[in-house]
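Have a look at the structure below, then the notes.
Chain letters run A, B, ... following the sequence lines, proteins first and then strands; every chain starts at 1.
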There are 2 protein chains.
Amino acid sequence: MPRIIAERADTLPAIAEVFREYGYEGASLALIGKATGLGKGSLYHFFPGGKEEMASAVLAEIDGWFETHMFGPLRDSREPERAIETMFDSVESYFRSGRRVCLVGVIALGDARERFAQPVSGYFKRWVDALADALVRSGRDRLPARALAEEVVAGIQGAIVLARALDDPGAFGRTVTALRVKTRPEPKVSRAASRTRDRSHTRRQG
Amino acid sequence: MPRIIAERADTLPAIAEVFREYGYEGASLALIGKATGLGKGSLYHFFPGGKEEMASAVLAEIDGWFETHMFGPLRDSREPERAIETMFDSVESYFRSGRRVCLVGVIALGDARERFAQPVSGYFKRWVDALADALVRSGRDRLPARALAEEVVAGIQGAIVLARALDDPGAFGRTVTALRVKTRPEPKVSRAASRTRDRSHTRRQG
DNA sequence: CCGTTCGTGTACCAATCGGTACAAATAGAA
DNA sequence: TTCTATTTGTACCGATTGGTACACGAACGG
């Protein structure tokens, strides 16, 4: 029999798309087999634990990607504001303007949530923590930074829901941009509109 | 045979909970039968179209509830700011601090989205429109009102995801409260003084 | 008292589910 | 070549899926 797939890791992107599209329960082995081009024999060879192991592997890979490209820089970068901007760039390209769904979020909403409670909560907890950390290091107080971080992460997840529901990728971009602006250090002394007001509240909190 | 269920509408809350918990695909007739206490015979008597008709009926009922309790008041109330506050109250109690999931959002994320595209997009479109309308009538300009409305609706959906993922209902409350504050006419003066001011901007729109 | 209608449970259907077993086929070492 | 370990396709398993058929029982009009 020919060897098509060299590594188990090569199958993960295709499997991830199936889980994204159909959810954990709806992702049947038939669909996964079609997406990967592998029969059950190969699938169970790579993932002896069946669907649960496939989902775990996919979640771990996603987690690793976010850890490398977003959480790590948010925590470690010496330019936290730049790391935050980069995070928003990554979010916009990764979720493809809301056309691509967040698998972790999907699992959190479904009944597979309990089975994957630890990776799911870990992913979101580390996201919020890392973003809050970057916000603190860019000059905000700890409590409002944490509140803003939660708001941003929730807003991104909601933007995906809204964009898909309305079938309007623009809704994703608009919402994410609004969140992006809100994380910038100097709030909203913007262009031409509120010239008369901004003098009165420059002495806000740190 | 005894008549337990008087009306078809009496089954909808139970069916809705099953769809919420397991999604459209995951909600099997066995689960629905158990939740309603009805056998397949009765279910197909009430819903000749099967699962699809059940889901449509549930979506319609949810839509009606939101239309009556939230969208309508947002559009029609002569006190738009009060209607907005009431909306947030309703959201907090309806979604039970994120323990209860938004079925429309769940369907929007899954592969049943296309099948129910019209009711799903209609629900969110009318929510955003109604909220934007209330925000305009409470004194905001059209464009920022619409942007804020989208941000709020997305934020609510995301708060559900986040609260469930973290298994922390507090995250829902915090995020929703932040959104609520943001919709208030005078952002961040002190606590109670805003009531004396609103006389001054009734000259806004007509 | 009968007959129709409505509500209900149950048996059944083909299809598909996740998972197992296993034999065929390949690649690499000898 | 020959042997062995690794990949692979496929047949099969019991359970469950959405859906149909139908017969039984209560309610109701005559």
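Atom CG in L29(B) sits roughly 15 Å away from atom C1' in dT10(C) (whole-Å rounding). One atom, NZ of K51(A), and another, C1' of dT20(C), lie 17 Å apart when rounded to the nearest Å. Atom CZ of F46(B) is separated from atom C1' of dG9(C) by 14 Å (rounded to the nearest Å). Between the CG atom of L31(A) and the C1' atom of dG18(C) there is a distance of 13 Å, rounded to whole Å. One atom, OH of Y44(B), and another, C1' of dA11(C), lie 16 Å apart when rounded to the nearest Å. dG9(C) atom P lies 6 Å from atom CG of L38(B), rounded to whole Å. Rounded to an integer number of Å, the gap from OH of Y22(B) to P of dT16(D) is 14 Å. Look at CD on E52(B): it is 19 Å from P on dT17(D), rounded to the nearest Å.
Put simply, H45(A) has a side-chain N or O that comes within less than 4.0 Å of OP1 or OP2 on dT7(D). Not one side-chain nitrogen or oxygen of S42(A) sits closer than 4.0 Å to the OP1 or OP2 atom of dT7(D).
A salt bridge does not link E25(A) to K51(A): none of the charged nitrogens lies less than 4.0 Å from a carboxylate oxygen. Ion pairing between R126(B) and D133(B) fails under the 4.0 Å rule for side-chain N and carboxylate O.
Distance from the side chain of A30(A) is smallest to dC17(C) among dT8(C), dC17(C), dG19(C). Comparing atom distances between the K40(B) side chain and each of dG19(C), dA11(C), dT8(D) picks out dA11(C) as nearest.
Checking each of M87(A), Q157(A), R180(A) against V152(A) for a side-chain contact (heavy atoms from CB on, under 4.5 Å) leaves exactly one that passes, namely M87(A).
Residue G50(A) is in sugar-phosphate contact alone, with no base atom involved, counting any heavy-atom pair closer than 4.0 Å across all strands shown.
We find the OH-CZ distance between Y94(A) and F66(A) to be 4.5 Å, quoted to the nearest 0.5 Å.
The residue among A27(A) and G41(A) whose nearest nucleotide of DNA chain C lies closer to the 5′ end is A27(A).
For the pair R115(A) and Y24(A), the cation-pi test (distance below 6.0 Å, angle within 45°) is failed.
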